[in-house]
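Working notes, beginning with the structure itself.
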Amino acid sequence: MKAKQQILSLCFWIFFLFTYQQVAAISQPFSLLFKTSPVLNELPSKDVQSVYQDRDGYIWISTRNGLFQYDGYSLTTYKSNLFHSDLLNNNNIMCVGEDGHHRLWIGTYSGLNVLDKRAGNRKSGSSRIDG
């Protein structure tokens, strides 16, 4: 009989401690901690128009001064260039989206551009539609 009482007492204390921990966790206010990457401070334009995460996990940041790819460590810049016709047709990037063929569709102020992420190019295997 004494062993049964000890087991019941032990079960009671385990239940009490478990319940107390749950109540204590719920009663504490929730706080969120946000940290920014110092790399994002390197953006030449703070005027961000859209942010998109592709299926590979890359973050694409559309600004009025170019498109930036963030991989969690560094930024890659995509900008139009007067001397290279295979680059973006405008630096004012409005939006970005991805299709099922790993192509990134980039909407600019001057039209639509396509970046083939697998091939890593903007002209060969992709198209540019001016509008």
Side-chain angles (χ1 to χ4, degrees):
M1 191 62 116
K2 189 168 178 142
K4 188 175 182 180
Q5 286 177 340
Q6 287 177 341
I7 291 173
L8 285 174
S9 177
L10 180 64
C11 289
F12 171 77
W13 284 110
I14 290 172
F15 176 76
F16 174 77
L17 290 174
F18 177 76
T19 305
Y20 177 76
Q21 287 176 346
Q22 297 298 321
V23 170
I26 292 172
S27 65
Q28 293 178 356
F30 292 103
S31 63
L32 299 175
L33 178 63
F34 292 97
K35 293 183 180 180
T36 60
S37 172
V39 174
L40 295 178
N41 292 330
E42 297 173 11
L43 283 173
S45 173
K46 303 299 181 207
D47 192 5
V48 174
Q49 306 204 100
S50 73
V51 177
Y52 176 77
Q53 183 174 11
D54 67 16
R55 68 177 68 181
D56 299 319
Y58 295 110
I59 305 292
W60 296 87
I61 305 166
S62 306
T63 72
R64 292 186 190 270
N65 194 21
L67 178 66
F68 302 91
Q69 178 191 31
Y70 181 60
D71 63 3
Y73 302 102
S74 62
L75 286 173
T76 302
T77 303
Y78 295 89
K79 291 178 102 173
S80 64
N81 188 324
L82 210 55
F83 304 106
H84 294 82
S85 61
D86 61 342
L87 296 175
L88 297 171
N89 60 2
N90 193 302
N91 285 333
N92 190 354
I93 311 298
M94 309 299 264
C95 59
V96 175
E98 184 178 13
D99 66 14
H101 299 287
H102 292 276
R103 293 178 300 196
L104 205 64
W105 293 79
I106 305 162
T108 72
Y109 185 75
S110 299
L112 191 60
N113 297 260
V114 179
L115 171 67
D116 185 349
K117 294 188 325 176
R118 286 183 177 171
N121 59 26
R122 291 168 289 285
K123 187 170 184 177
S124 175
S126 63
S127 61
R128 186 169 94 183
I129 305 167
D130 296 320

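Keep in mind it's a predicted model, so treat the numbers as computed, not measured.
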Run the side-chain contact (heavy atoms from CB on, under 4.5 Å) check on K79 and N65 step by step: do they pass? CA-CA 8 Å; K79 291 178 102 173; N65 194 21; 3.3 Å; yes
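- Rounded to the nearest 0.5 angstrom, D54 CG and D99 CG are separated by 11.5 Å.
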Candidate pair Y78 and I106, rule side-chain contact (heavy atoms from CB on, under 4.5 Å), full reasoning: CA-CA 11 Å; Y78 295 89; I106 305 162; over 6 Å; no
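- Taking CZ of F68 as the reference point, atom CD1 of I61 lies at 8.0 Å (rounded to 0.5 Å).
- Heavy-atom minimum distance, N91 versus S80: OD1-N, 2.6 Å.
- Between the side chains of T108 and N90, no donor-acceptor pair is found at a separation under 3.5 Å.
- Annotation: side chain of I93 is not in contact with side chain of W60 (no heavy-atom distance under 4.5 Å).
- At a threshold of 4.5 Å between non-hydrogen side-chain atoms, the residues N92 and M94 count as touching.
- In this structure, the separation between OG1 on T76 and OH on Y58 is 8.5 Å, given to the nearest 0.5 Å.
- Counting heavy atoms from C-beta on, the side chains of V51 and I59 come closer than 4.5 Å.
- By the 6.0 Å contact criterion, OH on Y70 is enclosed, its count of non-hydrogen atoms from other residues, nucleotides or ligands being greater than 12.
- The structure places CH2 of W105 at 11.5 Å from CG of L115, a figure rounded to the nearest 0.5 Å.
- Between the SG atom of C95 and the CG atom of L67 there is a distance of 10.5 Å, given to the nearest 0.5 Å.
- Atom CG of L75 and atom CG of L43 lie 5.5 Å apart (nearest 0.5 Å).
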